[in-house]
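It should be emphasised that the depicted structure is a prediction, and the values quoted were computed from it without experimental measurement. Each chain gets a letter, A, B and so on, in the order its sequence line appears, and its residues count up from 1.
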2 protein chains.
Amino acid sequence: MKKHYATLKDVAERAGTTAATVSYVLSESSTRYISEEMRRSVLNAARELNYIKCSGASSLRGKKRKMIAVLVPQFENQFFTRIVLATEEVFDRHGYILTICNTFDDAEREQDILNRMQQQRVDGYIITPTKEGVANTKLLRQLGVPMVVVDRPLQGIDDYYWVTTRNYQCGYVGAQYLISKGHTRLGFIGWDSGIPDLLNREQAFFDAARDHGLAREGLVAVDGGFTMEEGYRMTAKLLDERPELTALLYGYNIQAKGGIRCLMDRGINIPDALSVVIIGSPEWVSAGKNNFTHVNQGDYELGCKAANLLLEVINGDGKVPVKHIIQECTLVEGESVCAL
Amino acid sequence: MKKHYATLKDVAERAGTTAATVSYVLSESSTRYISEEMRRSVLNAARELNYIKCSGASSLRGKKRKMIAVLVPQFENQFFTRIVLATEEVFDRHGYILTICNTFDDAEREQDILNRMQQQRVDGYIITPTKEGVANTKLLRQLGVPMVVVDRPLQGIDDYYWVTTRNYQCGYVGAQYLISKGHTRLGFIGWDSGIPDLLNREQAFFDAARDHGLAREGLVAVDGGFTMEEGYRMTAKLLDERPELTALLYGYNIQAKGGIRCLMDRGINIPDALSVVIIGSPEWVSAGKNNFTHVNQGDYELGCKAANLLLEVINGDGKVPVKHIIQECTLVEGESVCAL
DNA sequence: TACCGATAGGCAAACGATTGCTTAACGCAT
DNA sequence: ATGCGTTAAGCAATCGTTTGCCTATCGGTA
């Protein structure tokens with residue numbers, strides 16, 4: 001038994017013709033006359049041999065690979081899982097397949113993965129870059145390979161396609177909601193990412209408080225790593241150092257998960273003893289007994305928009321103008337905030 | 001400015017040699033004498049031109065693509081997300097990239113996706129097949145392309161690599177736990193998948209009850225679609241038709257999520273009014289205020305085992321004996337079951 | 001002097017698909 | 001009889017890498 005995929009030549013042989021003709025038949029090119037008889041015979045041969053075109057070979061002649069690369073920092077973070085899900089659905093419809101890699105927010109790893117993707121000559125990139133994203137994507141940008149950046153920005157440059165959350169608004173609506181319920185002593189827990197755009201969440205927290213006349217002394221923000229454990233640690237720290245706080249705004253769902261674990265461990269009742277709002281909408285905020293007030297960033301839509309934009313760029317022949325798409329967020333009221 | 005990746009020939013030209021020599025230098029082949037001077041010069045040229053090998057071209061000459069295909073039915077189901085995550089980590093370490101596709105449990109879609117993957121000539125497959133998996137993977141199996149089946153079986157055949165959960169045990173330990181707490185009127189909610197191995201969960205539910213002397217009349221099972229909505233519907237049905245039940249065993253986390261939403265909507269207290277055990281361990285069962293008793297299938301480990309097995313098969317030169325790896329599950333005690 | 005084993009590297013043929021160039025037969029009009 | 005448009009399909013170059021085969025120089029030895 002043959003242990004390899006059938007080639008054009010195999011099909012040609014069986015159909016009594018040459019590879020060229022088979023290629024023309026299978027690509028349904030209209031630029032060439034093919035007799036009905038020949039067409040039939042080729043199609044039969046192809047079916048009988050289970051012919052499957054080798055995309056690697058055809059891409060050598062300039063055809064598309066029909067492959068998209070997706071790079072995310074935390075694949076298991078539902079924010080990203082949903083972006084990937086949306087991307088997959090969009091590209092699936094157009095016959096593409098997705099290659100997905102986890103950078104773990106590690107710049108070296110990102111470079112390594114981008115390298116592998118470039119070896120595959122994928123047609124386009126959807127990427128949530130690390131802080132070294134600008135350097136790591138330099139070659140791609142030089143070559144003009146289609147790329148859409150999602151969520152986090154490429155720092156220091158401006159001419160790239162970007163789809164992101166209105167981060168400032170996320171922080172603002174979250175804080176505003178707490179204030180509207182009468183809270184005046186608020187804590188913010190965030191990520192010390194060093195990424196300017198993300199820091200807007202915290203800035204907005206302070207701005208909202210100021211805009212509503214709250215005293216600066218009642219406010220506190222603490223920043224740490226982008227993990228559950230750090231969320232737990234920072235929550236414990238706030239509880240210990242600022243017992244007068246009546247509400248917490250979590251800037252990131254991953255940290256919120258750990259933080260709320262801390263509240264549970266200490267037997268703190270939500271919302272009676274402490275009110276909580278979370279930016280982000282992982283499944284758990286409203287599953288089972290949970291019903292947390294949170295800010296929905298529209299994860300799935302973000303993914304759809306990024307994917308559609310990338311598709312446009314890929315098919316756009318260099319003519320799609322650079323744009324930044326910024327998606328509004330919405331507050332979803334749950335039962336984790338009490339009125340004071 | 002050049003708008004394409006540098007080729008071996010480009011590098012050769014700059015280094016004052018030929019493509020062959022460059023290839024030998026870059027592949028660090030020891031079968032060829034290369035002067036230190038030439039090596040240096042080639043490496044410099046390659047760096048200066050940002051040379052990145054085209055894996056498509058080199059695979060034409062029989063090299064590995066360094067690509068793995070992963071097909072799952074529900075990417076956003078954390079059971080599968082974790083399997084993918086584990087697979088990614090294992091293969092990343094070996095320089096592979098993953099292509100991931102969502103079949104949505106649709107056989108036609110599965111066939112279509114497999115076709116695209118085969119066009120890419122990926123080196124191996126990790127697949128949770130649909131019911132038509134046997135037919136859809138026929139060519140792959142004929143050609144001997146490395147493949148590991150995960151979770152669900154290929155129906156009707158036996159000679160394939162398989163990594164799965166001990167489904168019977170999942171059902172058994174879940175039911176047994178409820179019985180040990182004094183429950184005698186139990187409901188099981190499951191999936192009418194028609195997949196023999198999965199049906200063992202329900203069979204075990206009845207077996208455990210029988211083994212512990214429970215009356216068959218106190219037991220009821222209902223099966224439906226593999227969605228949240230169906231979980232909701234079936235739960236409502238059981239509540240209406242069998243109000244005497246004191247405990248529910250959910251066979252699948254997706255259905256459990258909808259089912260528990262139903263219990264919440266009706267204001268049913270867990271565990272005081274109704275006890276609940278869930279097979280599977282999505283994040284939400286123990287996040288926030290939730291602490292559901294559940295059966296942990298070791299999703300991540302399942303993925304690791306599948307990935308490692310596939311790696312073995314890929315590197316094993318056809319010598320790895322067919323095997324079925326069946327992973328034990330463990331009951332994780334929460335607070336969703338009351339003692340009667 | 002003739003020969004041999006290292007050392008070094010060029011040449012060209014694959015791999016599978018695509019496509020421009022060419023040929024050839026046919027029918028029909030000049 | 002010549003020419004031309006139409007229909008049909010073969011030939012061969014090409015994409016970027018890999019690798020077997022060959023050549024050429026050098027120092028040393030018989």
Side-chain angles (χ1 to χ4, degrees), chain A residues 2-43 45-46 49-67 118-123 143, chain B residues 2-43 45-46 49-66 116 118-123 143:
Chain A
K2 262 192 316 195
K3 281 297 187 182
H4 60 85
Y5 291 95
T7 69
L8 273 190
K9 212 190 278 181
D10 296 332
V11 176
E13 216 161 291
R14 178 171 257 254
T17 179
T18 62
T21 303
V22 175
S23 174
Y24 281 115
V25 170
L26 296 181
S27 63
E28 294 173 28
S29 154
S30 51
T31 65
R32 200 178 164 97
Y33 303 108
I34 305 277
S35 67
E36 198 43 41
E37 196 194 341
M38 178 60 86
R39 178 188 307 284
R40 206 75 58 79
S41 152
V42 165
L43 291 176
L49 294 177
N50 295 303
Y51 173 73
I52 295 182
K53 157 162 74 177
C54 173
S55 144
S58 71
S59 84
L60 269 187
R61 294 301 316 263
K63 297 280 161 185
K64 289 221 161 47
R65 290 311 307 282
K66 290 285 189 170
M67 258 173 61
Q118 288 177 96
Q119 289 190 14
Q120 305 293 341
R121 301 292 194 265
V122 303
D123 301 310
L143 295 176
Chain B
K2 263 192 314 193
K3 281 295 187 183
H4 61 86
Y5 290 95
T7 69
L8 274 189
K9 212 190 277 182
D10 296 333
V11 176
E13 215 162 291
R14 179 170 255 254
T17 178
T18 61
T21 303
V22 176
S23 174
Y24 281 114
V25 170
L26 295 180
S27 63
E28 295 173 28
S29 153
S30 50
T31 66
R32 203 179 163 97
Y33 303 108
I34 306 276
S35 67
E36 198 44 40
E37 196 193 339
M38 177 60 85
R39 176 186 311 282
R40 207 73 59 78
S41 153
V42 165
L43 291 177
L49 295 177
N50 295 303
Y51 173 73
I52 294 183
K53 159 162 72 177
C54 172
S55 145
S58 74
S59 84
L60 268 188
R61 295 301 317 262
K63 296 281 162 186
K64 288 222 162 47
R65 284 321 287 328
K66 289 280 187 176
R116 290 186 215 159
Q118 288 176 97
Q119 288 191 13
Q120 304 293 341
R121 301 291 195 266
V122 303
D123 300 310
L143 294 176

Checklist outcome for this item: When rounded to the nearest 0.5 Å, the distance separating OG1 of A:T21 from CG of A:L26 is 10.5 Å
Checklist entry - Of the non-hydrogen atoms in A:L143 and B:H4, which two are nearest, and what is the gap between them? => result CD2-O, 3.5 Å
Checklist entry - If every non-hydrogen atom of A:A19 is compared with every non-hydrogen atom of A:A12, which pair is closest and at what distance? => result N-CB, 3.5 Å
Item to check | Given D:dA8, C:dG10, D:dG10, the nucleotide with the shortest approach to the side chain of A:T17 | outcome: D:dG10
Next on the checklist: I need a per-nucleotide contact map over nucleotides 12-18 of chain C, read 5' to 3'. Cutoff is protein heavy atoms under 4.0 Å; write B for the base, S for backbone only, - otherwise.
Outcome noted: BBBBBBB
Distance, rounded to the nearest Å, where [X] contributes [atom1] and [N] contributes [atom2]:
{"X": "B:E37", "N": "C:dA8", "atom1": "CD", "atom2": "P", "result": "10 Å"}
{"X": "A:Y33", "N": "D:dT7", "atom1": "OH", "atom2": "P", "result": "4 Å"}
{"X": "A:R65", "N": "D:dC15", "atom1": "CZ", "atom2": "P", "result": "17 Å"}
{"X": "B:M38", "N": "D:dT25", "atom1": "CE", "atom2": "C1'", "result": "14 Å"}
{"X": "B:E28", "N": "D:dT19", "atom1": "CD", "atom2": "P", "result": "14 Å"}
{"X": "A:Q118", "N": "D:dG16", "atom1": "CD", "atom2": "P", "result": "16 Å"}
{"X": "B:I34", "N": "C:dA6", "atom1": "CD1", "atom2": "C1'", "result": "15 Å"}

Checklist outcome for this item: Checking B:L8, B:L43, B:D10 against B:V22 for side-chain contact (heavy atoms from CB on, under 4.5 Å), the one that qualifies is B:L8
Checklist entry - Would one find a side-chain N or O of B:T21 under 4.0 angstrom from OP1 or OP2 of C:dA8? => result no
Next on the checklist: Taking the basic N atoms (NZ, or NE/NH1/NH2) and the acidic carboxylate oxygens, is any pair closer than 4.0 Å for B:R40 and B:E37?
Outcome noted: no
Item to check | Contacts of A:S58 that satisfy side chain to side chain contact (heavy atoms under 4.5 Å, CB included) - sequence neighbours left out | outcome: A:K53, A:K63
Next on the checklist: For the backbone of B:G62 and the side chain of B:S59, can you confirm whether one donor and one acceptor N or O come within less than 3.5 Å of each other?
Outcome noted: no
Checklist entry - Are the side chain of A:D123 and the backbone N or O of A:R65 linked by a donor-acceptor pair below 3.5 Å? => result yes
Next on the checklist: Is any side-chain heavy atom of A:V25 closer than 4.5 Å to one of A:R32?
Outcome noted: no
Checklist entry - Any N or O donor-acceptor pair linking the side chain of A:Y24 to the base of C:dG20 at under 3.5 Å? => result yes
Checklist entry - Is there a donor on the side chain of A:R32 or the base of D:dA9 sitting less than 3.5 Å from an acceptor on the other? => result yes
Checklist entry - At how many degrees, to 10°, do the end axes of the helix from C:dT1-D:dA30 to C:dT30-D:dA1 meet when each uses five pairs? => result 90°
